[in-house]
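Each chain gets a letter, A, B and so on, in the order its sequence line appears, and its residues count up from 1.
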Amino acid sequence: MNLAGRREIVYLSIAMSSTIPYGLHLNVPQLEAVTHIGSPLLVLAGAGSGKTRVITYKIAHLIHECGLSPRNILAVTFTNKAAGEMKERVESLLGGPAEIWVKTFHSAAARLLRIMGGQFGVRQGFTIIDKQDQLSLMKKIMKTLNADPEVYKPEKYSHLIERAKDNLLDLAGAQKNGFSSDPLFYEIYRLYEEKLERENLFDFGDLIARLSRGLAQSQGALLQLKNRFRYVLVDEFQDTNYAQYALVKQLTLPEGNICVVGDDDQSIYGFRGAKVENILNFSRDYRDTKIVKLEENYRSFQTILSASSRVIGNNPDRLGKTLYTHKGKGDKIVFFRAASDYGEAQYIAEEIRDQVNGTGCRFSDFAVFYRMNAQSRVFESVFTQERIPYTIVGGLRFYEREEIKDTLAYLRLALNPLDEVSLRRIANKPPRGVGEKTVDALVRSTIDRGFPPFGGGAHPEVSPAKAQQVDAFLAALTELSRVVQSDQPPVVLKHLYDTSGYIEWLRKEGKEEKLKNLDELYNAVEEFSKKNPDSTLADFLEEASLNQGGGEEGSPVDRVFLITLHNAKGLEFPVVFMAGMEEGIFPHFLSGEKREDLQEERRLCYVGMTRAMDRLYLTAARVRKLYGRSVDRGVSAFIFEVPKELLEWKEDRRLGSGLFDDFEPGLKPWSSQTGGSARREAGRGGGRGAGLPRLREGSTAHLDANCRVVHKSFGSGKVVATDGEIAEIQFDDGKKMKFMLKYTPLLKE
DNA sequence: CCAATAAGTGTTTTT
DNA sequence: CACTTATTGG
């Protein structure tokens, strides 16, 4: 196929008459984005501006108007959920199932490696390992190196290796590049890679990196792919990392048949290597890039939009865009500060209950967002108590549950006997007298030498005392791997359940919940088999390891959503509660270090706020139980970034009523705890000794512009402006922040 | 050599 | 609080 001719074909077809009445469903810039063909397209899509609509319509346009076959289109997103939804919407627009690849980066790469990896040295039947597996492997390596895990944290190296792979740096590349100044890193990286290679394991980063490297090295494979995918669309482009972008470029340069959609203000995955700069680089890397901005927001009332743009406006490094809406002004944003995390949950529960009873909205109109999964516990318990139905999105994921991982490890091992991680995982589950030392010996004599520990002519050398148990174990695995070859996935699983003794073990231990989950797993396998009749167990396992968020009930039941801010991206709800708006929680205290990190937290805040259609609540707790201790934190700085005329302040009456008199107003991050230790240093902060958690009016009256003040956690600075209620401070270290004087004690210097 | 129990510890977000 | 690692008893 002549690649160069492609653009012309596409050009010509624009002239054909539209069969979809786009104009009825799209505004001007949207229409422009949908119909623009012939040069690369960058869509800067603000929150709620209808970007999914643009992508799906564009796909329809490519097929209907440009004569592209569905199989020639590749659309990539970041989450399986997004991919699934997009596929659904495309198919409903096209009026039936379509052969389009709508996948996540990782699942697309995994599939391609299976199909064509042989052309550049990828062995058949590789196993995909997740974070947990990776970490246990890392610990093993640290042990062989005799490195003290206290000093040399496995998590740290694991993270570094991931980042290296995100940047397409293999060992040699990392060394040349001076990726790390720690010599031990390279040693660990080397051992880690050797282990993966020997056992045919791929981590998430490998999926992208190995494909990209393979395509660079095999012209044939690259041409084959380019011939297949004639047009590429990338959603959430701001979340792509270096390697992913490199891969995209390989597929689409120099032809430039590509459309990327993103929003720099919604880049919240920097911690896993995402590079917002990719958006900036795009028009440099692709000639004649057409840029379309989508700035009309169809989701939120003006108040919500104004508040969120003021917050995000505090970020210095942004492309900048102005969202507007034709929806009305809407209600003020409510800020509620409860006495405790429990009180916070109760307030939210009451609010939901009242509105459901009063205005006839449904539970599913409400969502509660939080920064950390750990925060969901209080809501679970309060909502259960108050009989408010809820569903937790994310959290303890189905495929990460112990019993599920164990079962999958059996299956993985049957397919890939060299997989040491899986072997170690299940060797003694259920207990069969094959412990760590025994496995060490077994591995040394088999896997370390490149032989499978079972099913082949290896000679496992273990202590004679254990020989019998080990033999029985290995014989069972051999049998399992035979069944895997010959039977349908559900049959294999049933065989495993019947023979491994795992089920009996759980039953004996009374682990009802886990047994239920294994039933669910069986159902999932059965359903998968039904849906994909000629699929193998390997296909299912791949799905499972990439679909980390899986196991969610797609039930249309009427429930409140409990969800992390990260998971909330891409969703919308009539009423949103953002809980835990406290310093240290959000922004999270670990993100305080670097400037860029705080910006990312702020973007996360922006993402959360812009999910709300009608009403937005920001809530905080004065005292929060976290990790077994009570902490007393100040109100999140983000609250003070919302213009006060858009905010309605409410507080728990119990605040300062004597219940929590032992506490200082939230000051130092993570320092003050429950107990009597908090009474020190009342200073001249307004006579707020024990019992008065607020500054008195009088103490702030003399704060005026240009006077110097000290803030307990931010240090000293100068008052830039104040209206008696809010003061803007320019700190000596360069930071500029606003504080509500009522809650933030500032001492005159 | 293995299993159960005790002490200790660090605490985000996810493909 | 929940999970991981060290210790001891079998």
Side-chain angles (χ1 to χ4, degrees), chain A residues 76-83 103-110 128-132 134-136 139 143 148-150 153-155 159 162 165-166 202-208 236 239-241 243-244 267-274 341 369-378 393-397 399-400 402 427-441 462-466 469-470 545-550 563-569 580 584-593 597 600-601 603-605 607-608 624-631 669-670:
Chain A
V76 282
T77 63
F78 273 84
T79 65
N80 295 286
K81 199 166 55 183
K103 289 176 181 292
T104 65
F105 266 104
H106 295 272
S107 69
I128 300 167
I129 61 170
D130 68 9
K131 200 80 175 233
Q132 273 179 54
Q134 199 186 29
L135 195 62
S136 73
K139 284 177 180 163
K143 217 172 242 174
D148 180 4
E150 296 298 314
K153 296 209 163 44
E155 294 85 358
H159 181 255
E162 266 190 288
K165 291 186 177 181
D166 284 345
F202 277 53
D203 61 24
F204 285 139
D206 284 332
L207 295 174
I208 310 294
E236 307 281 13
D239 290 334
T240 50
N241 61 35
Q244 287 161 338
S267 160
I268 54 174
Y269 286 108
F271 66 90
R272 75 171 190 218
D341 50 353
F369 298 168
Y370 36 79
R371 179 67 233 270
M372 305 178 276
N373 281 306
Q375 288 171 258
S376 71
R377 295 190 136 271
V378 206
V393 181
L396 19 136
R397 288 163 241 281
Y399 287 109
E400 275 176 5
E402 188 185 13
N428 212 21
K429 287 183 175 189
R432 53 169 72 88
V434 182
E436 201 183 338
K437 298 280 175 189
T438 309
V439 178
D440 281 345
V462 294
S463 72
K466 294 286 165 196
Q469 282 123 301
V470 171
S545 46
L546 292 173
N547 195 1
Q548 301 271 317
I563 190 168
T564 63
L565 285 153
H566 282 87
N567 268 321
K569 189 161 74 158
I585 303 260
F586 190 35
H588 194 271
F589 75 112
L590 285 177
S591 72
E593 308 289 319
D597 286 353
E600 182 151 315
E601 292 285 301
R603 290 192 291 263
L604 193 55
C605 184
V607 166
R624 173 177 302 276
K625 248 179 123 153
L626 205 58
Y627 308 121
R629 45 187 45 189
S630 292
V631 288
W670 302 104

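Using a 4.0 Å heavy-atom criterion, one finds that Glu236(A) contacts no nucleic acid atom at all. Nucleic acid contact for Tyr269(A): sugar-phosphate only, since backbone atoms but no base atoms lie under 4.0 Å from a heavy atom of the residue.
Using a 4.0 Å cut-off between charged nitrogen and carboxylate oxygen, Arg272(A) and Asp166(A) do not count as a salt-bridge pair. Taking a cutoff of 4.0 Å between a charged side-chain nitrogen and a carboxylate oxygen, Glu162(A) and Lys165(A) do not qualify as a salt bridge.
As rounded to whole Å, 10 Å separates atom P of dT14(B) from atom CG of Leu604(A). Between the CZ atom of Arg624(A) and the C1' atom of dC1(C) there is a distance of 14 Å, given to the nearest Å. As a whole-Å value, the separation of Leu565(A) CG from dT13(B) P is 11 Å. With rounding to whole Å, Gln375(A) atom CD is found 14 Å from dC1(C) atom C1'. What separates CZ of Phe589(A) from C1' of dT13(B) is a distance of 13 Å, to the nearest Å. One can place CE of Met372(A) at 8 Å from P of dT12(B), the figure rounded to the nearest angstrom. Here the C1' atom of nucleotide dT15(B) and the NZ atom of Lys131(A) are 10 Å apart, to the nearest Å. The distance from atom CG of Asp166(A) to atom C1' of dT15(B) is 10 Å, rounded to the nearest whole Å.
Atoms CD and CG, on Gln375(A) and Leu565(A) in that order, are 8.5 Å from each other to the nearest 0.5 Å. Annotation: the span from Ile563(A) atom CD1 to Phe369(A) atom CZ amounts to 6.5 Å, rounded to 0.5 Å. If you take NZ on Lys103(A) and CG on Leu546(A), they are separated by 9.5 Å, rounding to the nearest 0.5 Å.
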Under 3.5 Å between N/O atoms: give me all the protein pairs with nucleotides 3-10 of chain B, atom names plus distance.
residue, atom, partner, partner atom, Å
dA3(B), OP1, Asn428(A), ND2, 3.2
dA3(B), OP2, Asn428(A), ND2, 2.6

Under 3.5 Å, which protein N or O atoms sit close to an N or O of nucleotides 2-4 of chain C? Give each pair with its distance.
residue, atom, partner, partner atom, Å
dA2(C), OP1, Arg377(A), NE, 3.3
dA2(C), OP1, Arg377(A), NH2, 2.8

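The closest side-chain heavy-atom distance from Tyr370(A) to Ile585(A) is not below 4.5 Å. Looking only at side-chain heavy atoms (C-beta outward), Tyr269(A) and Glu236(A) stay at 4.5 Å or farther from each other. Between Glu400(A) and Lys131(A), the closest side-chain pair of non-hydrogen atoms is not below 4.5 Å. For the pair Leu135(A)/Lys139(A), a side-chain contact is recorded, criterion being any heavy-atom separation below 4.5 Å from C-beta on.
For Arg377(A), the CZ atom sits in a loose shell: 12 or fewer heavy atoms of surrounding residues, nucleotides or ligands are nearer than 6.0 Å.
Contact annotation: Thr564(A) side-chain N/O to dT14(B) OP1/OP2 distance is under 4.0 Å. Phosphate proximity of dT13(B) to Asn567(A): absent, as no side-chain N or O sits under 4.0 Å from OP1 or OP2.
For the pair Val439(A) and Asn373(A), both in contact range of DNA chain B, the more 5′-proximal nearest nucleotide belongs to Val439(A).
Not a single donor-acceptor contact under 3.5 angstrom links the side-chain atoms of Arg272(A) to the base of dT15(B).
For His106(A) and dT15(B), the ring-to-base geometry does not satisfy the stacking test (centroid distance below 5.5 Å, interplanar angle below 30°).
Comparing the P positions of dT5(C) and dT12(B) gives a spacing of 15 Å, expressed to the nearest Å.
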